[in-house]
**Student:** 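One structure coming up, written as structure tokens, with questions to follow.
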Amino acid sequence: MAAPCTGIELRELGNTGLKLSCVGFGASPLGNVFGHVSEDDAIASVREAFRLGINFFDTSPYYGGTLSEKVLGMTLQAVGAPRNEYIVSTKCGRYAEGFDFSAERVTKSIDESLARLKLDYVDILQCHDIEFGSLDQIVNETIPALQKLKASGKIRFIGITGLPLGIFTYVLDRVPPGTVDVILSYCHYSINDSALNDLLPYLKSKGVGVISASPLAMGLLTESGPPEWHPASPELKSACQAAAAHCREKGKNISKLAMQYSLANKDISSVLVGMNSIRQVKENVAAATELAMLGQDEETLSEVEAILKPVKNDTWPSGIQRS
């Protein structure tokens, strides 16, 4: 197999020593969560990602009820890249049948994931959407179990994921420094919601790497708009629709603008976006390459920010509601 091109920027992930491609390959679509993806399309999209310099692949046993992990494992094997040339992140604690952050379940979970992924180890294992569990259990039981897995060589680094930003400070303030290596935040670093920015100095002080997912705010910042089930308020949906229409009138694409907005912050190691076709891979890499060469479209960005100002940082509840 040809060596990957190095046109796409690599960024250091906290104190891990890992260098992630600034565009990360979100593998949830490989689990057919947004419609059927053929085996050929899955392999072709992963192969194209490698060719264009993407080295970071993220999945979870929850995506497609384990299908995403199985398909990613199959595609990585088909592509045949040396194991040290790519970084794989999967998750534990959230499954099709529900949440279980117990030490016993997450310890069993990694063996199941490794079998599906056809790997001896994963680079990052993340506790998935911890706001749906007991944060004290995460601190006192789940993370210590992951530390044992790290010592065993089955995982290299430990992460936590979720929507409410307060969950990250809660856990990081209660575990020994260096215990949690990375956080994955979603829908908090996009044009309509950049609340993650306020947390970045704190995360840096803790030596924690940052991955940001959903630069398109789960479909809000797209031409076609969000899926029906999207939890955003009518006001937020309407403002994003107006922003997309404004871009369209100017001959611009709101998705590219949003992707470049997220990529422009170098304190975020990788912007994770779901992909399931060669076209999507090419578009996302092209957005990153263009940003590196030309910078952001400041004029259109400021116009879109003005449209979204009334709903800036509006979010929605997720998980167990804590006082």
Side-chain angles (χ1 to χ4, degrees), residues 12-20 24-28 30-31 46 55-130 133 137-162 171-172 175-184 207-209 211 213 269-270 272:
E12 297 205 359
L13 181 66
N15 293 338
T16 63
L18 297 177
K19 288 189 172 182
L20 272 55
F25 189 108
S28 67
L30 300 186
V46 170
N55 72 350
F56 175 48
F57 299 84
D58 176 86
T59 183
S60 165
Y62 175 65
Y63 301 150
T66 75
L67 184 61
S68 171
E69 283 188 327
K70 286 174 188 159
V71 174
L72 181 60
M74 178 268 297
T75 57
L76 289 171
Q77 198 169 51
V79 170
R83 180 63 184 91
N84 63 352
E85 283 186 8
Y86 56 91
I87 293 156
V88 174
S89 166
T90 193
K91 306 184 183 76
C92 63
R94 184 169 198 180
Y95 311 98
E97 61 273 18
F99 291 89
D100 187 346
F101 292 103
S102 67
E104 183 185 8
R105 183 67 188 97
V106 300
T107 302
K108 188 175 165 221
S109 184
I110 187 60
D111 290 329
E112 295 166 350
S113 290
L114 290 174
R116 288 189 286 264
L117 289 162
K118 304 181 195 299
L119 297 174
D120 297 326
Y121 67 90
V122 293
D123 298 278
I124 307 165
L125 182 62
Q126 314 195 65
C127 304
H128 195 176
D129 290 343
I130 60 172
Q137 183 188 29
I138 300 292
V139 169
N140 299 315
E141 183 180 349
T142 320
I143 289 173
L146 267 51
Q147 286 179 287
K148 287 180 181 171
L149 294 175
K150 191 173 179 178
S152 77
K154 290 178 182 179
I155 71 174
R156 293 176 68 198
F157 300 105
I158 294 169
I160 50 178
T161 87
V171 171
L172 290 168
V175 296
T179 308
V180 172
D181 304 292
V182 56
I183 66 116
L184 191 162
V208 174
I211 297 163
S269 298
S270 192
L272 200 54

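Position 1 is the first residue of the sequence, and the numbers go up from there.
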**Student:** With Phe56, which of Leu272, Val88, Leu18 fulfils side chain to side chain contact (heavy atoms under 4.5 Å, CB included)?
**Tutor:** Leu272
**Student:** Before you tell me yes or no, could you show the steps for Ser102 and Glu141 under side-chain hydrogen bond (donor to acceptor under 3.5 Å, both in side chains), namely the whole-Å CA-CA distance, both residues' side-chain angles and the distance that decides it to 0.1 Å?
**Tutor:** CA-CA 7 Å; Ser102 67; Glu141 183 180 349; 4.8 Å; no
**Student:** Is the NZ or CZ atom of Arg105 positioned over Phe99's six-membered ring, under 6.0 angstrom from the centre and within 45° of the axis?
**Tutor:**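 No, Arg105 does not lie over the aromatic ring of Phe99.
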**Student:** When you compare the side chains of Thr90 and Glu69, does any donor N or O come within less than 3.5 Å of an acceptor on the partner?
**Tutor:**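 Glu69 and Thr90 do have a side-chain donor-acceptor pair below 3.5 Å.
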**Student:** Looking at residues at least two apart in the chain, or sitting in another chain, which of them share a side-chain contact (heavy atoms from CB on, under 4.5 Å) with Gln77?
**Tutor:** Lys118
**Student:** When you compare the side chains of Ser68 and Ser28, does any donor N or O come within less than 3.5 Å of an acceptor on the partner?
**Tutor:** no
**Student:** Would you tell me whether Tyr95 and Thr66 have side-chain atoms, one donor and one acceptor, within less than 3.5 Å of each other?
**Tutor:** no
**Student:** So does Glu104 have more than 12 non-hydrogen atoms from other groups sitting under 6.0 Å from CD?
**Tutor:**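 Open.
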**Student:** Would you say CG of Asn84 has more than 12 non-hydrogen atoms from neighbouring residues, nucleotides or ligands within 6.0 angstrom?
**Tutor:** yes
**Student:** Pick from Val122, Ile124, Ile160, Asp58: which one makes a side chain to side chain contact (heavy atoms under 4.5 Å, CB included) with Lys91?
**Tutor:** Asp58
**Student:** Hey, are the side chains of Leu125 and Ile158 touching, using non-hydrogen atoms and a 4.5 Å cut-off?
**Tutor:**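 Side chain of Leu125 against side chain of Ile158, heavy atoms only: no contact under 4.5 Å found.
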**Student:** Which residues satisfy the side-chain contact (heavy atoms from CB on, under 4.5 Å) test with Tyr62, sequence neighbours excluded?
**Tutor:** Ser60, Arg94, His128
**Student:** Under a plain distance cut-off of 3.5 Å, with no hydrogens placed, do Glu12 and Ser269 share a side-chain donor-acceptor pair?
**Tutor:**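 No, no side-chain donor-acceptor contact under 3.5 Å.
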**Student:** What's the shortest heavy-atom distance between Asp129 and Thr161, and which atoms?
**Tutor:**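 Minimum heavy-atom contact is N-OG1, 2.8 Å.
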**Student:** Which residues satisfy the side-chain contact (heavy atoms from CB on, under 4.5 Å) test with Leu67, sequence neighbours excluded?
**Tutor:** Asn32, Val71
**Student:** Could I get the full list of ring pair (Phe, Tyr, Trp, His ring centres under 6.0 Å) partners for Phe157, not counting sequence neighbours?
**Tutor:** none
**Student:** Write down the atom of Ala27, the atom of Thr59, and the distance for their closest heavy-atom approach.
**Tutor:**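 Residues Ala27 and Thr59, closest heavy atoms: CB-CB, 4.2 Å.
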**Student:** Does the side chain of Ile183 come within less than 4.5 Å of Val171's, by heavy atoms?
**Tutor:**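 Contact flag for Val171/Ile183 side chains = no.
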**Student:** Would Thr16 and Val182 satisfy side chain to side chain contact (heavy atoms under 4.5 Å, CB included), going step by step from the backbone distance to the final call?
**Tutor:** CA-CA 8 Å; Thr16 63; Val182 56; 5.5 Å; no
**Student:** With a 3.5 Å cut-off and sequence neighbours excluded, list the donor-acceptor pairs that the side chains of residues 142-151 form with protein atoms.
**Tutor:**
residue, atom, partner, partner atom, Å
Thr142, OG1, Phe101, O, 2.8
Thr142, OG1, Gln137, O, 3.4
Lys150, NZ, Asp181, OD2, 3.2

**Student:** Just say parallel, tilted or perpendicular for the rings of Phe25 and Phe57, cut-offs at 30° and 60°.
**Tutor:** tilted
**Student:** Partners of Tyr121 by side-chain contact (heavy atoms from CB on, under 4.5 Å), sequence neighbours excluded?
**Tutor:** Arg83, Asp123, Arg156
